[in-house]
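Scroll down for the structure; my scribbles are underneath it.
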Amino acid sequence: MKIKVGIFDSGIGGFTILNSLLKTRKDVDVIYLADTKRIPFGNKNCKEIRVIAEEICSFFEDKSLDAILIACNTTNACALDILENNLRIPCFDLINSVSEIVNKKIIGVLATQTTTRSSFYKNAINSKKENLKIFQQECPEFVSEIEKDKINFNKLNYLADLYLRPLLNENIEELILGCSHYPFLPKNRFKYKNY
Ligand code: DGL
């Protein structure tokens with residue numbers, strides 16, 4: 001018997017997580033919600049994200065799900081409690097899961113404006129490991145560029161430089177892509193090959 005899993009994001013970002021799930025599990029049926037009408041989430045404040053989270057719960061309410069995989073860091077950061085309380089099924093918490101596998105001392109986090117300002121990553125990591133240096137960088141323009149039909153490599157290169165420079169200046173040893181859209185960034189086209 002298959003497990004019915006709900007996955008949501010503001011757009012295509014959650015496909016990065018969906019792909020990983022489908023590679024490792026054959027026993028899942030997935031309902032994927034892309035809230036493209038309200039993308040980007042990352043420039044909205046936490047209060048607005050919490051209202052969106054309520055509506056996402058209403059969408060999934062009658063879908064007889066066994067679990068929810070939170071594929072949006074921004075919603076995870078602002079409204080995990082709403083998802084857990086309203087849906088009352090296991091909610092796989094993206095940020096806390098990522099925080100578990102940090103294993104270096106100087107960490108960089110690239111994330112949306114709202115995730116960064118919530119400091120959810122920083123707090124989650126600090127609650128598990130001691131004496132780490134964590135540097136967060138918000139990337140307000142990445143998501144809308146990644147969602148475009150035609151990727152503008154020059155613009156992405158410029159933005160990558162802009163957003164990564166402050167973290168590289170801190171000599172980070174590990175980088176968290178704290179937004180599910182970012183694994184779509186075409187790494188080999190960028191000047192920095194090792195992030
Ligand atoms: N992909 C989502 C995240 O992980 C939301 C990005 C957005 O819509 O700004 O935060």
Side-chain angles (χ1 to χ4, degrees), residues 5-22 30-57 59-60 67-84 87 91-102 107-125 134-149 151-152 155-156 158-160 162-164 167 174-187 195:
V5 179
I7 302 184
F8 71 89
D9 183 42
S10 57
I12 59 169
F15 288 166
T16 57
I17 289 159
L18 174 65
N19 285 343
S20 303
L21 176 69
L22 295 180
V30 173
I31 299 181
Y32 187 98
L33 170 65
D35 192 353
T36 51
K37 200 171 168 188
R38 293 182 285 196
I39 197 170
F41 281 10
N43 301 357
K44 295 180 171 54
N45 64 41
C46 257
K47 208 170 154 197
E48 292 170 293
I49 298 298
R50 288 177 72 77
V51 172
I52 290 175
E54 297 270 2
E55 290 168 13
I56 288 170
C57 290
F59 171 82
F60 280 126
I68 279 274
L69 199 46
I70 305 173
C72 173
N73 292 263
T74 309
T75 314
N76 198 146
C78 295
L80 178 61
D81 58 324
I82 291 179
L83 297 165
E84 286 176 340
L87 291 168
C91 293
F92 289 91
D93 174 337
L94 183 60
I95 298 181
N96 273 301
S97 310
V98 171
S99 307
E100 297 281 352
I101 54 171
V102 163
I107 315 297
V109 183
L110 291 178
T112 66
Q113 212 167 298
T114 303
T115 302
T116 306
R117 292 179 191 186
S118 76
S119 282
F120 201 103
Y121 262 105
K122 207 171 182 174
N123 296 337
I125 297 168
I134 303 163
F135 298 96
Q136 307 184 97
Q137 173 65 44
E138 55 189 54
C139 313
E141 288 189 73
F142 264 162
V143 167
S144 44
E145 286 302 317
I146 291 167
E147 285 275 345
K148 281 185 181 158
D149 287 342
I151 298 277
N152 179 340
K155 176 88 186 277
L156 279 175
Y158 164 77
L159 292 175
L162 185 73
Y163 298 147
L164 277 168
L167 299 182
E174 199 165 50
L175 178 66
I176 295 176
L177 299 180
C179 168
S180 55
H181 278 76
Y182 300 170
F184 282 126
L185 289 167
K187 298 180 192 59
Y195 60 83

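Atoms within each ligand, like the ligands themselves, are counted from 1 in listed order. Below, all heavy atoms of this structure are taken into account, side chains as well, without hydrogens, waters or symmetry copies.
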Aromatic plane relationship, Phe15 with Tyr32 - under 30° parallel, 30 to 60° tilted, over 60° perpendicular = tilted
Protein residues having a heavy atom less than 4.0 Å from any atom of ligand 1 = Asp9, Ser10, Ile39, Pro40, Phe41, Gly42, Cys72, Asn73, Thr74, Thr112, Val143, Cys179, Ser180, His181
By disulfide bond (SG atoms under 2.5 Å apart), Cys57 pairs with (sequence neighbours left out) none
Mind checking whether Phe60 and Phe8 have parallel, tilted or perpendicular rings, split at 30° and 60°?
-> tilted
Determine whether Asn73 and Ser180 make a side-chain contact, defined as any pair of heavy atoms from C-beta on separated by less than 4.5 Å.
-> yes
Could I get the full list of salt bridge (Lys or Arg N to Asp or Glu O under 4.0 Å) partners for Arg38, not counting sequence neighbours?
-> Asp35, Glu55
Can you name the disulfide bond (SG atoms under 2.5 Å apart) partners of Cys139, sequence neighbours left out?
-> none
